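See below for the structure under consideration.
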Protein chains: 2
Amino acid sequence: MEKSQEALVLLRQIFRSADMQEKEISRSTGLTLPQLMTMQALRHTAPITTGELAKEVSITQATVTSILDRLEKKGLVTRERGLEDKRKVWINLSTEGWELMKGAPTTQQDMFTRRFDDLQSWEQSMVIAALERVAFMLDAQHLDAAPMLDVGQIDRAEVGNK
Amino acid sequence: MEKSQEALVLLRQIFRSADMQEKEISRSTGLTLPQLMTMQALRHTAPITTGELAKEVSITQATVTSILDRLEKKGLVTRERGLEDKRKVWINLSTEGWELMKGAPTTQQDMFTRRFDDLQSWEQSMVIAALERVAFMLDAQHLDAAPMLDVGQIDRAEVGNK
DNA sequence: CTCAAATGTTTTGTTTATCGAATATTTAGT
DNA sequence: ACTAAATATTCGATAAACAAAACATTTGAG
């Protein structure tokens, strides 16, 4: 088997795991996936303006506005008109918002960290070095065309009912 | 800096790249993200039943049905009632569906493969070994709790307008 | 200063996604 | 034959997503 295919299959697995974990947190926090991503972005960047937040989560401003509407209604975020520049609206996590984000997300980080710490020191370095290469290989920004990641079974299934 | 944090940041980057690449393909194919994911799953597993397909993309049957409705209307997939078991409906890509999936997705795989092939043989092995460890570290299935991946800046932003 | 352009956000309108529950049909077990 | 399980769709409701338009504010050119 091609080594590159092997790597792609593993990446696929990794993406799948991350995806499922996100869905699990989504359930446990009672937030939808987009809401969760927004909250996570806020956790790291708040206070931030609506426009910047939209860039952060890679969706349009209009969509962010509607997501914020719902998060605000839940009392998880606050909106505050800018003082110097009144066009801007500064988004922040409310106390409850911070509380919510302190729960599950921490647990998760701990999990990865715990397992990572179990590795030998040289293995840790190896993983980091490898991830750096993968990050580069997937970085479409520095490419002519912007290609995609389509991973999974290589074999075409035979036609007809299985 | 903690090595585990370094690894998490890199993973974050990797996820981001993959995400953006998927959005790019989404635009170029004129498919929405869920539709694209469904088509990709079909590409690898077709023919497949509605229920199995739902499992494959980790959404409910009801949702898959509605996505298939739209893909069918676009002439990209075909539905066929099972002969032996008439409860089942076999989904397949139409000729146009195959054509569409042959375009961008292939290019993408080529991209990663090209860069991967540029690596030294020992580096390729290292990347695979590292990905195996990461895949394991993220595998929540074999865990008590199901933790999550929340990566990004560690520092809390200072409060107040920036 | 004044008005046009630029910037930032929200609103509007439409399509899609998502889920749980209800429904219909078929198959399988006893 | 009857009932339970399996399979897919439909329905109802909410959320997400985007583009285009509307709105408010700021900046810049003269």
Side-chain angles (χ1 to χ4, degrees), chain A residues 19-20 22-42 47-74 76-92 161-162, chain B residues 19-20 22-42 47-74 76-92 161-162:
Chain A
D19 200 55
M20 280 166 44
E22 249 174 6
K23 281 191 180 171
E24 169 56 30
I25 302 288
S26 170
R27 270 190 297 273
S28 77
T29 55
L31 297 173
T32 66
L33 225 47
Q35 287 170 5
L36 176 62
M37 289 195 300
T38 303
M39 290 291 287
Q40 286 180 351
L42 282 173
I48 190 176
T49 64
T50 306
E52 287 302 312
L53 181 56
K55 278 185 209 156
E56 200 69 30
V57 292
S58 301
I59 52 181
T60 61
Q61 270 192 352
T63 303
V64 155
T65 294
S66 79
I67 291 175
L68 287 176
D69 286 344
R70 283 178 278 271
L71 290 176
E72 194 180 21
K73 198 183 299 180
K74 293 187 190 198
L76 297 177
V77 307
T78 62
R79 281 197 247 222
E80 197 183 346
R81 204 95 218 173
L83 299 179
E84 7 147 14
D85 187 339
K86 290 180 202 146
R87 291 172 303 179
K88 297 182 177 178
V89 172
W90 293 91
I91 314 296
N92 225 321
N161 291 1
K162 285 178 181 169
Chain B
D19 201 54
M20 281 166 44
E22 247 174 7
K23 280 193 179 168
E24 169 56 30
I25 302 288
S26 168
R27 270 189 296 275
S28 77
T29 55
L31 296 173
T32 66
L33 225 47
Q35 287 170 5
L36 176 62
M37 288 194 300
T38 303
M39 291 290 287
Q40 285 180 351
L42 282 172
I48 191 176
T49 64
T50 306
E52 288 301 310
L53 181 55
K55 278 185 209 157
E56 201 69 29
V57 291
S58 300
I59 52 181
T60 61
Q61 271 190 353
T63 303
V64 154
T65 294
S66 80
I67 291 175
L68 286 176
D69 285 344
R70 284 178 278 272
L71 290 177
E72 195 180 22
K73 198 184 298 182
K74 292 187 191 197
L76 297 177
V77 307
T78 61
R79 280 197 245 224
E80 195 183 347
R81 204 94 217 175
L83 297 179
E84 8 151 12
D85 188 339
K86 291 180 203 148
R87 289 171 306 180
K88 297 183 176 176
V89 171
W90 294 92
I91 314 297
N92 225 321
N161 290 2
K162 285 178 182 171

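Everything numeric here is computed off the predicted structure, so don't read it as measured data. Quick note on labels: first sequence line is chain A, next is B, and so on, each numbered from 1.
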Check nucleotides 24-28 of chain C for protein N or O atoms closer than 3.5 Å to its own N or O atoms and list the pairs.
from   : atom 1 : to    : atom 2 : distance (Å)
C/dT27 : OP1    : B/E84 : O      : 3.1
C/dT27 : OP1    : B/K86 : N      : 3.1

Set of residues satisfying side chain to side chain donor-acceptor pair (under 3.5 Å) with respect to A/T50, sequence neighbours excluded = none
Nucleotides 14-21 of chain D: protein proximity per nucleotide (B base, S sugar-phosphate only, - neither; heavy atom, under 4.0 Å) = -SBBBB--
Listed partners of A/A54 passing side chain to side chain contact (heavy atoms under 4.5 Å, CB included), at least two apart = A/Q61, A/V64
request  = May I ask you to say what B/R27 touches in the nucleic acid, namely base, sugar-phosphate or nothing, with a heavy-atom cut-off under 4.0 Å?
outcome  = nothing
inquiry  = Restricting to side chain to side chain donor-acceptor pair (under 3.5 Å), what partner residues turn up for A/S58, sequence neighbours left out?
reply    = none
task = Return the set of residues passing salt bridge (Lys or Arg N to Asp or Glu O under 4.0 Å) with B/D85 (not counting sequence neighbours), or none when no residue passes.
result = B/R87
key: Atom pair distance, as rounded to whole Å: CG in B/D69 and C1' in D/dT9   = 9 Å
key: Length of the NZ-P vector between A/K88 and D/dT27, whole Å   = 9 Å
message = Taking side chain to side chain contact (heavy atoms under 4.5 Å, CB included) as the criterion, tell me which of B/Q35, B/E72, B/R70 meets it with B/V77.
response = B/E72
key: Separation between CD1 of B/I91 and CG of B/L53, rounded to the nearest 0.5 Å   = 7.0 Å
ask   = side chain to side chain donor-acceptor pair (under 3.5 Å) with B/K23: which residues, sequence neighbours excluded?
value = none
remark   = To the nearest angstrom, the CG-P distance between A/L68 and C/dG8 comes to 16 Å
key: Rounded interatomic separation in angstrom, taking NZ from B/K55 and C1' from D/dT7   = 11 Å
request  = Provide, to the nearest angstrom, the distance between the CD atom belonging to A/E72 and the P atom belonging to C/dT9.
outcome  = 14 Å
ask   = Looking at residues at least two apart in the chain, or sitting in another chain, which of them share a salt bridge (Lys or Arg N to Asp or Glu O under 4.0 Å) with A/K55?
value = A/E52
request  = Please report, rounded to the nearest Å, how far the C1' atom of D/dT7 is from the CD atom of B/E52.
outcome  = 11 Å
key: Contacts of B/D69 that satisfy side chain to side chain donor-acceptor pair (under 3.5 Å) - sequence neighbours left out   = B/R79
task = Please state how far atom CD1 in B/I91 lies from atom P in D/dA8, giving the value in whole angstrom units.
result = 8 Å
